[in-house]
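Structure first, commentary second.
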Protein chains: 4
Amino acid sequence: MEFDNNKPIYLQIADFVCDKILRNEWSAAGRIPSVRELGADLQVNPNTVMRTYDYLQGEEIIFNKRGIGYFVAETAVQNIVKLNRTEFFSHQLPMLFNTMNALGITLEEIKSQYEAFLKK
Amino acid sequence: MEFDNNKPIYLQIADFVCDKILRNEWSAAGRIPSVRELGADLQVNPNTVMRTYDYLQGEEIIFNKRGIGYFVAETAVQNIVKLNRTEFFSHQLPMLFNTMNALGITLEEIKSQYEAFLKK
Amino acid sequence: MEFDNNKPIYLQIADFVCDKILRNEWSAAGRIPSVRELGADLQVNPNTVMRTYDYLQGEEIIFNKRGIGYFVAETAVQNIVKLNRTEFFSHQLPMLFNTMNALGITLEEIKSQYEAFLKK
Amino acid sequence: MEFDNNKPIYLQIADFVCDKILRNEWSAAGRIPSVRELGADLQVNPNTVMRTYDYLQGEEIIFNKRGIGYFVAETAVQNIVKLNRTEFFSHQLPMLFNTMNALGITLEEIKSQYEAFLKK
DNA sequence: GTGGTCTAGACCACC
DNA sequence: GTGGTCTAGACCACA
């Protein structure tokens, strides 16, 4: 897996895990890979995965059974969606609008770019 | 001036300088404040301003006359705009589209949000 | 290590690093010393080494893995050679020819000096 | 006049003055422009020209009559040539040979470059 | 542990 | 006066 330098790796791994859950590859109440396993898979220090799991547990997307492993929470999917939507509408979108304003970019341009993006 | 903790101060100062240039408050071929002056103005260490100027010189937005000071480059405005647009269309926008896709958000929603944003 | 006062230390360290790479003492994709280590080795402030690494990363000679360290880029050797040759043929040599012309020095004289230099 | 950023302006002005003398445009025992005049001509601070004249006086290339101005020394030409040749053979040339060695550049390459330079 | 940023203060060459 | 470099020491996020 390749990482973007502008975002902490542990958050990128969180996205990766959420993606797995949303696609139902890791299903509700099921066990997810151990910190060591996932670390080996993604070629990343286990500590970093640990941080991801910590974060996801805080958001109630996964939970821990001591000595056994981490599991997908029942409410995982809805929490992921809520988390993402909140982030999107309260941070990402306003920032976008600000730069659009600053650069004089219209919604029309965004629209045509979006259509090009969809075809890709 | 207040600084956002999520972005290096020297880059926020760069934005500040670019803004001045775009608004024509600091005009083409004109001298801009010395690192010491601007540092005092913004309550920031001169070294930090130095780093900003270094960066902006690399982007060919300002240039230096030795022992005299820094000046706005002839091509400053176009370089600023180019820099910002490149960043916007090749990074910010694709990331936006990706999350839109992932969250199932349509362009219609964006549009209504944008109108709300404009009224604010 | 001793430093020449006529050239910034951070650039002399850059030369030092490039030399290591060219001699294959620090090999492609391998990790190079941390800013703290090299700083201690060369009896130089870590910030100064940091500046060197910054510069070399800009020239795509080394690259960074966050939280882990700096590594020799795959294309390091060719980039070093290209950098040096460009500098030599487009700046150093023309300046030499200009002064040769001004002083009426012939290529023959250069040649004999060069042979003397090689024997030294 | 345009200045190279890698060399102090006052030394570049010194080169300019020496060139005038060597070409006999400013002849032996003749008066040369005042600090203010030359400064205006070259669009440079008079202080900087002053520093040039100071330096050239130290090298016995020009001399000063108080209240009147600066004049070309009788021994100017020979001192210029001596100064330049010394600089060339004891500094410039050894540095050249070093980089040639480091980059594996042969005298043959230099020769062909030189011929190309002469035709230009 | 790593790099990245920032401050405070110093010294220097140059204009 | 200007920028440029360097040091010492601090704090932070990240791995």
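Letters go in sequence order (proteins before strands), and every chain restarts at 1.
- Taking atom CG of residue C/Asp54 and atom P of nucleotide F/dT5, one finds them 13 Å apart after rounding to whole Å.
- Remark: C1' of E/dC6 and CE of C/Met50 are 12 Å apart, rounded to the nearest angstrom.
- C/Thr75 places a side-chain heavy atom less than 4.5 Å from the side chain of C/Gln78.
- Applying the side chain to side chain donor-acceptor pair (under 3.5 Å) test to residues at least two apart or on different chains, the pairs with a partner in residues 6-23 of chain B are B/Asp4-B/Asn6, B/Lys7-B/Asp15, B/Asp19-B/Arg23, B/Lys20-B/Glu25.
- Across residues 2-16 of chain B, B/Pro8, B/Ile9, B/Tyr10 each have a non-hydrogen atom less than 4.0 Å from an atom of DNA chain E (numbered order).
- C/Phe71 has its CZ atom 10 Å from the C1' atom of E/dT2, to the nearest Å.
- OP1 and OP2 of E/dC14 both lie 4.0 Å or more from every side-chain N or O belonging to B/Arg66.
- Within residues 33-48 of chain D, the residues having any heavy atom under 4.0 Å from DNA chain E are, by residue number, D/Thr48.
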Handout entry: Residues C/Phe88, C/Leu93; criterion side-chain contact (heavy atoms from CB on, under 4.5 Å); working and verdict
Key = CA-CA 6 Å; C/Phe88 183 80; C/Leu93 213 49; 3.9 Å; yes
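- The residue B/Tyr53 sits apart from the nucleic acid: no heavy atom pair falls under 4.0 Å.
- Pairing for F/dG1 is with E/dC14, a Watson-Crick or G-U wobble pair whose two hydrogen-bonding atom distances lie under 3.5 Å.
- Atom C1' of nucleotide F/dG3 and atom CZ of B/Phe63 are separated by 14 Å, given to the nearest angstrom.
- C/Ile62 has its CD1 atom 11 Å from the C1' atom of E/dG3, to the nearest Å.
- Regarding B/Arg51, its CZ atom lies at a distance of 7 Å from the C1' atom of E/dG4, rounded to whole Å.
- Considering only side-chain N and O atoms, D/Tyr55 lies nowhere under 4.0 angstrom from the phosphate OP1 or OP2 of E/dA13.
- The minimum heavy-atom distance linking B/Ile61 with B/Ala76 is given by the pair O-CB, 3.4 Å.
- If you take CG of C/Asn64 and C1' of F/dC14, they are 11 Å apart, rounded to a whole angstrom.
- Annotation: B/Glu60, atom CD; neighbour count of heavy atoms from other residues, nucleotides and ligands within 6.0 Å does not exceed 12.
- The number of heavy-atom neighbours closer than 6.0 Å to CZ of A/Arg36, taken from other residues, nucleotides and ligands shown, is 12 or below.
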